[in-house]
Amino acid sequence: MSADNKLSTRPLPEDRIGLLEGLTTTRAIRRYRDEPIPDAVLRDMLFAATRAPSGSNRQPFRFLVLTDGPKAAAAKSLIGGAARAIWTQKRKDDGYDRGSGVRPDSPKTRMAAVMQRYVDQFDTAPALVLPCLVRYREPTPFEGASIYPAVQNLLLAARGLGYGGVITGFHGLVDKELHELLDIPEAVVISATVTLGRPEGNHGPVRRRPLKELVFEETWEHSPDWALDPPGTRYTSAGPPKAK
């Protein structure tokens, strides 16, 4: 029996992580072990991704999976170069090496180190996935609703299977070159760059702003009484600056 036939008779693995736990503990994973993702695991991840909702159930999402082939290496190199250029500029513009960024133990310094390693090693990510949108009408502000839920499904499935990933927009600088390299039709939009692999670290509770800052009732910036975080919630001050 061929590998393809074996997968057609192989059910999805037992879910060992509850839905709410997965939703609240799926971190952006940028550090990967040097090991490939088995085809069976990729099948499970992408099956889950393609169960996502889309407008009128048209399913305009497509996923281009790149692992170890010659075009995969070329695509990783293209996006890796773009990633390093974008991060170098962002590191300068956002002052990652100023203020608290000069303290070796600060969150800013740790984030800069993780990002630098990520872009430096981008070309060796075990799997690169390009989520694409097949446009069937003129662009609208809402078209992302038919692709990004599938991307989130992909990341959640990776979490549930013992892997992890992160979504970026690094492909933007080399969009034309990627279309040509990978024979992507002109009308198809590359909507994101996702890297996947077995984490070096761990998933765990994510930090966000307090619920009351993010959820309103009846009126803008009026938080409901029930907008209370569960015990043990950890916070971050990251996010867009508040209007003065």
Side-chain angles (χ1 to χ4, degrees), residues 7-8 10-29 37 39-67 79 127-172 175 178-179 182 184-197 199 203-209 211 213-218 220 224 226-227 229-230 239-240:
L7 283 179
S8 70
R10 177 183 178 275
L12 292 175
E14 179 183 352
D15 189 0
R16 300 181 181 277
I17 298 174
L19 178 59
L20 285 177
E21 181 182 355
L23 288 170
T24 57
T25 62
T26 298
R27 293 178 174 174
I29 299 297
I37 303 177
D39 289 348
V41 175
L42 287 171
R43 190 285 302 264
D44 295 344
M45 289 182 190
L46 272 299
F47 180 82
T50 55
R51 303 308 96 181
S54 59
S56 301
N57 198 28
R58 287 180 179 268
Q59 303 159 69
F61 41 72
R62 300 290 186 271
F63 292 89
L64 191 47
V65 182
L66 302 156
T67 54
I79 302 177
L128 168 65
V129 179
L130 299 181
C132 299
L133 176 73
V134 180
R135 279 202 177 120
Y136 55 90
R137 60 186 176 189
E138 290 299 309
T140 76
F142 313 109
E143 64 184 6
S146 289
I147 178 67
Y148 294 118
V151 178
Q152 180 67 356
N153 270 19
L154 175 63
L155 295 172
L156 290 169
R159 163 76 171 105
L161 294 165
Y163 292 80
V166 64
I167 178 173
T168 80
F170 291 142
H171 64 280
D175 183 86
L178 288 169
H179 273 77
L182 303 171
I184 300 173
E186 185 177 351
V188 174
V189 182
I190 303 175
S191 300
T193 296
V194 177
T195 50
L196 297 168
H203 285 282
V206 299
R207 295 190 300 164
R208 299 291 185 263
R209 288 179 178 271
L211 189 62
E213 293 184 15
L214 305 173
V215 177
F216 308 140
E217 183 179 51
E218 293 285 345
W220 186 256
W226 49 260
D229 300 283

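Sequence positions, counted from 1, serve as the residue numbers for this chain.
Note: Arg51 CZ to Leu154 CG = 13.0 Å, rounded to the nearest 0.5 Å. Rounding to the nearest 0.5 Å gives a distance of 10.0 Å between CG of Leu161 and CD1 of Ile37. To the nearest 0.5 Å, atom CG of residue Asn153 and atom CZ of residue Phe61 are 8.5 Å apart. Atom CG of Leu133 and atom CZ of Arg62 lie 9.5 Å apart (nearest 0.5 Å).
Pairs engaging residues 157-172 under the side-chain hydrogen bond (donor to acceptor under 3.5 Å, both in side chains) rule: Thr25-Arg159, Tyr163-Arg198, His171-Thr193 [sequence neighbours left out].
Residues Val189 and Arg135 have side chains in contact (heavy-atom distance under 4.5 Å, counting atoms from C-beta outward). Between Glu186 and His179 there is no side-chain heavy-atom pair separated by less than 4.5 Å. Thr24 has its side chain out of reach of Leu20: every pair of non-hydrogen atoms, C-beta onward, lies at least 4.5 Å apart.
Residue Thr195 forms a side-chain contact (heavy atoms from CB on, under 4.5 Å) with just one option from Leu128, Ile29, Leu66, and that option is Leu128.
With salt bridges taken as basic N to acidic carboxylate O contacts below 4.0 Å, one links Asp44 and Arg10.
Partners of Arg207 by side-chain hydrogen bond (donor to acceptor under 3.5 Å, both in side chains), not counting sequence neighbours: none found. Shown here are the ring-ring contact (aromatic ring centres under 6.0 Å, His included) partners of Trp220, two or more places apart in sequence or in another chain: Phe216.
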